[in-house]
Protein chains: 2
Amino acid sequence: MKKTTRDTIREKAANLFMEKGFYATSMRELARDVGMEAPSLYNHIRSKEDILKEICFDYAHRYLEGITFIRKTVSSNREQLRAVIDMHIEIALNDPASITVFNDEWKHLKVPAISDFRSMRKTYENQLLEILKEGIKRREFAHMDPDIAMYTLLSSIKWIHHKLPKNSTDRVYMKNTLERILLYGFIQK
Amino acid sequence: MKKTTRDTIREKAANLFMEKGFYATSMRELARDVGMEAPSLYNHIRSKEDILKEICFDYAHRYLEGITFIRKTVSSNREQLRAVIDMHIEIALNDPASITVFNDEWKHLKVPAISDFRSMRKTYENQLLEILKEGIKRREFAHMDPDIAMYTLLSSIKWIHHKLPKNSTDRVYMKNTLERILLYGFIQK
DNA sequence: CCTACCGATCGGTAGG
DNA sequence: CCTACCGATCGGTAGG
């Protein structure tokens, strides 16, 4: 797998979009980071929004495939939840820039892309909801409102990419700590 | 307390910044929402960034005053934590647009405002860290990494303003559910 | 991959 | 509070 110029553009773009946001990033800046003039970018990409689309949908697909796989291969709901948390942490740590864009900049997609994105997210949320609802019914989880639980869960993992652990020991430590807090709470009596 | 034109501008701006982001919002759009021409806005405000500054620092002060008050008046760390969670929920529900701006758009502040904002946030985080560390030492909370706990906590409450409860019954329900999940986790065995 | 350049739009000012 | 307007910058195209 060779890294194409297109890959470089996407990578530099993800970093700029993360730091300054989609609108505040200009194609001139991006071109400078890549090492060419702005118009030359258009030999590799179709538009500025196209880069955003690529990043957002790439990760939308990954998350969806991930949770579908987990639901198929892991039996207990508790372990499914643990696997989902792990997946989020892994993805966030592997490409923090793209994940920031995926989390915060998708709203700058235009129609019709933005509706597709929203509907993929909805599908993902529904799968996660199923895990929670099933687990509550089977008493693997405490009795609680599944919607509130789901939003809290998804939201609670959204800081990871801002505080990257340095080595793999720290990664494992972070993963374990995070899982324990989410599964057993702050009090854990 | 009369609502001045300036207040109207700030309110409409908060809503636009929430929906489209700071950079994607133009002064022409804002002017249209307020009901005047773009140049007229400058009789009430100094610049576009000034509106952003006002929103961000207003809420930075509120959160800081809030947590300082809680630390002074509430004795147990567990109840302090509960009060902090309540404060976040209350503020988020009362002015969802401004809170979205406070959460997501502060990064578009320029120097030196952005450093002031960052340092206020750091002060807030340190106060929350103290609550957690003290509570862990006194065995009011489980033994856990206080930094990871703090980031998870702050992050986990950041979805509320997107899903507003309709009435006060729903508000109380949301508050109780959220507190229970954070304090006792998903499993609550 | 570059130079030259386009129309559109931006935040903001002058002057009344 | 408005009209008229400014320089700067934007994403993107033409043509080589």
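Numbers restart at 1 for each chain; the letters A, B, ... are given by sequence-line order, proteins then strands. Quick caveat: nothing in here was measured; it's all calculated off a predicted structure.
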Rounded at 0.5 Å granularity, tell me how far [atom1] in [X] sits from [atom2] in [Y].
X        : Y        : atom1 : atom2 : answer
B:Cys56  : B:Ile51  : SG    : CD1   : 11.5 Å
B:Ile160 : B:Ile89  : CD1   : CD1   : 4.5 Å
A:Arg82  : A:Arg180 : CZ    : CZ    : 10.5 Å

(message) Which label fits B:Tyr124 and B:His88: parallel for a plane angle under 30°, tilted from 30 to 60°, or perpendicular past 60°?
(response)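 Geometry flag for B:His88 against B:Tyr124: perpendicular rings.
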(request) Tell me, please, the opening and closing nucleotides of DNA chain C, 5' to 3', among those with an atom under 4.0 angstrom from a non-hydrogen atom of chain B. (result)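 It runs C:dC10 to C:dT13.
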(request) For the pair B:Glu90 and B:Arg171, find out whether any cationic side-chain nitrogen is under 4.0 Å from an anionic carboxylate oxygen. (result)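 Between B:Arg171 and B:Glu90 there is a salt bridge, with a charged N closer than 4.0 Å to a carboxylate O.
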(request) Please determine if A:Arg10 and A:Asp58 form a salt bridge, counting it only when a charged side-chain N lies under 4.0 Å from a carboxylate O. (result)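 Result for this pair is yes, salt bridge flagged.
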(request) Taking atom CZ of A:Phe69 as the centre, report whether more than 12 heavy atoms of other residues, nucleotides or ligands fall under 6.0 Å from it. (result)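 For A:Phe69, atom CZ is not crowded (no more than 12 foreign heavy atoms under 6.0 Å).
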(request) For side-chain hydrogen bond (donor to acceptor under 3.5 Å, both in side chains), just list the numbers for A:Asp7 and A:Thr4, CA-CA rounded to whole Å, side-chain angles, deciding distance to a tenth of an Å, and then say yes or no. (result) CA-CA 5 Å; A:Asp7 295 334; A:Thr4 62; 3.2 Å; yes
(message) Both B:Ala24 and A:Met36 contact DNA chain C. Which one's nearest nucleotide lies toward the 5' end?
(response)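 Its nucleotide being nearer the 5' end, the pick is A:Met36.
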(message) Heavy-atom nearest nucleotide on DNA chain D for A:Glu29 versus A:Arg46: which residue maps closer to 5'?
(response)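 It is A:Glu29 whose nearest nucleotide is closer to the 5' end.
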(message) Mind checking if A:Ser26 touches a base, just sugar-phosphate, or nothing, with heavy atoms under 4.0 Å?
(response)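 Sugar-phosphate, no base atom in range.
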(request) With pairs defined as Watson-Crick or G-U wobble and both distances under 3.5 angstrom, please note down DNA chain D as a dot-bracket string, | for pairing with another strand. (result) ||||||||||||||||
